[in-house]
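Keep in mind it's a predicted model, so treat the numbers as computed, not measured.
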Amino acid sequence: MSETKIGFMGGSGLYDMDALTDRAEIEVSTPFGSPSDAIISGKIGDVPIAFLPRHGRGHRISPSEIPVRANIWALKSLGVKRIVSVSAVGSLEERVSPLDLVVPDQIIDRTSGRAASFFGEGIVAHVGLADPFCDELRQAAIEQARKEVTVHEGGAYLVIEGPQFSTRAESEMYRRWGARVIGMTAQPEARLAREAEICYVTLAFVTDYDVWRPSEEDVSVDMVIQNLLRNIDAARRIIAEMARNIPPERDCGCSNALENAIITSRDDIPAQTREKLSLMVNKYLD
């Protein structure tokens, strides 16, 4: 199989990509267990693609249970250098309406207990995460998305643990913090993608106003799904066009995020840990 360059992570309602040709399902094992589902490989035009539904087909996996390390590792092992994530979110701003798209540039992490690093077990790395989304990939997403939907550039994606939605007090607090949208999946995906030196962007499709807006019906699963399904076709068109138009070479810092991040003395890294993380670290340790 030719090396895959672009990975797409499907969120609620997006469990397949009909545009793929030369389709094959790939079962990948990783040092961190199995990913959410078999990875669907194929092509859009001449571009090799890998698609992974983060919740599994049939939506079997809760946000807290998503095997994010295995997902990112599996995509990297297939040669993925860029990940475009599709996510359902609630709006925390009046002017960001349901069915709009936000391409965030920041994250506020309110999750707890999720494995957020590949490192440990005798090796320590501190990657920079000041800008958690790849700006080069963000600009490509914005350019294509504007042809399909109303797009809001930038803003903070606040990530809650879930699976429950917010209380009214929490929703109001997050608004005072200045967050633009709220969801459950951008972390630790963004952290782990940066450690894996993969460019990462989220297409955050707005499905509701969370619970802060008194004139609006409280958020429910039915509301989320109904609005998300209305955006699925747009999401598929956007990511298909991104696949066709993203330049093959990267001109960002994501590709060498680990270069100066590994702080552990090379002689003190356990052989077993080095072998476990060889896919990521060997180019810096050899």
Side-chain angles (χ1 to χ4, degrees), residues 9 11-14 54-55 62-64 66 68 84-114 116 129-135 137-139 141-142 145-146 148-191 193-194 200-232 234-235 238:
M9 198 90 73
S12 301
L14 184 56
R54 70 161 62 82
H55 297 283
S62 172
S64 301
I66 296 169
V68 184
V84 179
S85 160
V86 177
S87 179
V89 299
S91 170
L92 295 172
E93 293 183 1
E94 184 76 40
R95 70 187 190 94
V96 180
S97 304
L99 305 181
D100 289 358
L101 172 66
V102 175
V103 184
D105 60 356
Q106 283 297 318
I107 288 175
I108 299 173
D109 190 355
R110 291 281 293 169
T111 64
S112 60
R114 301 184 185 186
L129 206 68
D131 299 298
F133 299 102
C134 173
D135 191 60
L137 200 52
R138 286 187 63 256
Q139 296 308 316
I142 291 165
R146 279 178 173 155
E148 301 287 343
V149 294
T150 300
V151 178
H152 301 270
E153 297 185 37
Y157 180 141
L158 190 141
V159 192
I160 60 173
E161 183 62 34
Q164 301 87 0
F165 296 120
S166 301
T167 68
R168 297 188 199 284
E170 289 168 337
S171 192
E172 287 290 357
M173 178 177 68
Y174 301 149
R175 277 169 47 77
R176 289 197 293 271
W177 287 358
R180 171 164 275 182
V181 293
I182 183 169
M184 301 179 188
T185 56
Q187 288 289 34
E189 282 183 0
R191 295 180 186 273
R194 183 61 52 82
Y200 178 85
V201 70
T202 289
L203 305 181
F205 284 91
V206 178
T207 58
D208 57 83
Y209 277 112
D210 204 42
V211 294
W212 61 270
R213 198 165 181 254
S215 61
E216 199 72 18
E217 180 185 353
D218 289 347
V219 60
S220 67
V221 170
D222 182 63
M223 177 192 301
V224 168
I225 295 301
Q226 290 303 315
N227 282 341
L228 185 63
L229 290 176
R230 294 172 65 183
N231 272 328
I232 289 300
I238 291 166

Practice problem: Quick one: do I107 and F133 satisfy side chain to side chain contact (heavy atoms under 4.5 Å, CB included)? Show the steps, please. | Solution: CA-CA 9 Å; I107 288 175; F133 299 102; 3.5 Å; yes
Quiz item: Does the pair I108 and Y174 meet the rule for a side chain to side chain contact (heavy atoms under 4.5 Å, CB included), with working shown?
Solution: CA-CA 9 Å; I108 299 173; Y174 301 149; over 6 Å; no
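- Atom CD in E148 sits 11.5 Å away from atom CG in L203 (nearest 0.5 Å).
- Here the closest non-hydrogen pair linking P188 and A116 is CB-CA, 3.8 Å.
- Using a 4.5 Å cut-off on side-chain heavy atoms (C-beta onward), L14 and F205 make no contact.
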Quiz item: Step by step, would you call E93 with W212 a side chain to side chain contact (heavy atoms under 4.5 Å, CB included)?
Solution: CA-CA 9 Å; E93 293 183 1; W212 61 270; 5.8 Å; no
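- Of all heavy-atom pairs between R180 and E153, the closest is NH1-O, 3.3 Å.
- The two residues A204 and P104 make their nearest non-hydrogen contact at CB-CD, 4.3 Å.
- The two residues V211 and R168 have their closest heavy-atom pair at O-NH1, 3.2 Å.
- The side-chain hydrogen bond (donor to acceptor under 3.5 Å, both in side chains) test applied to T167 returns E170, not counting sequence neighbours.
- The side-chain heavy atoms of V201 and C134, taken from C-beta on, include no pair separated by under 4.5 Å.
- The side-chain heavy atoms of V206 and D208, taken from C-beta on, include no pair separated by under 4.5 Å.
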Self-check item: Residue pair E161, R114: steps toward the side chain to side chain contact (heavy atoms under 4.5 Å, CB included) verdict
Solution: CA-CA 9 Å; E161 183 62 34; R114 301 184 185 186; 3.2 Å; yes
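- Considering all non-hydrogen atoms of both residues, P163 and S62 come closest at CB-OG, 3.9 Å.
- Using a 4.0 Å cut-off between a side-chain N of Lys or Arg and a carboxylate O of Asp or Glu, D210 and R175 do not qualify as a salt bridge.
- Considering CD of E172 and OG of S166, their distance stands at 11.0 Å, rounded to 0.5 Å.
- In this structure, CG on D105 lies 11.5 Å from OG1 on T202, to the nearest 0.5 angstrom.
- In terms of modelled atom types and a separation under 3.5 Å, the side chain of R54 and the main chain of V86 share a donor-acceptor contact.
- Residues passing the side-chain hydrogen bond (donor to acceptor under 3.5 Å, both in side chains) test with S87, sequence neighbours excluded: Y157, T185.
- Contact between G154 and R138 at its shortest, heavy atoms only, is N-NH2, 3.2 Å.
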What side-chain donor-acceptor pairs closer than 3.5 Å can you find for residues 95-102, not counting sequence neighbours?
{"from": "S97", "atom 1": "OG", "to": "Y209", "atom 2": "OH", "distance (Å)": "3.4"}
{"from": "D100", "atom 1": "OD2", "to": "S97", "atom 2": "N", "distance (Å)": "3.0"}
{"from": "D100", "atom 1": "OD2", "to": "H152", "atom 2": "NE2", "distance (Å)": "2.8"}

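- Side-chain contact between R110 and Q187: absent, with no pair of heavy atoms (C-beta onward) separated by less than 4.5 Å.
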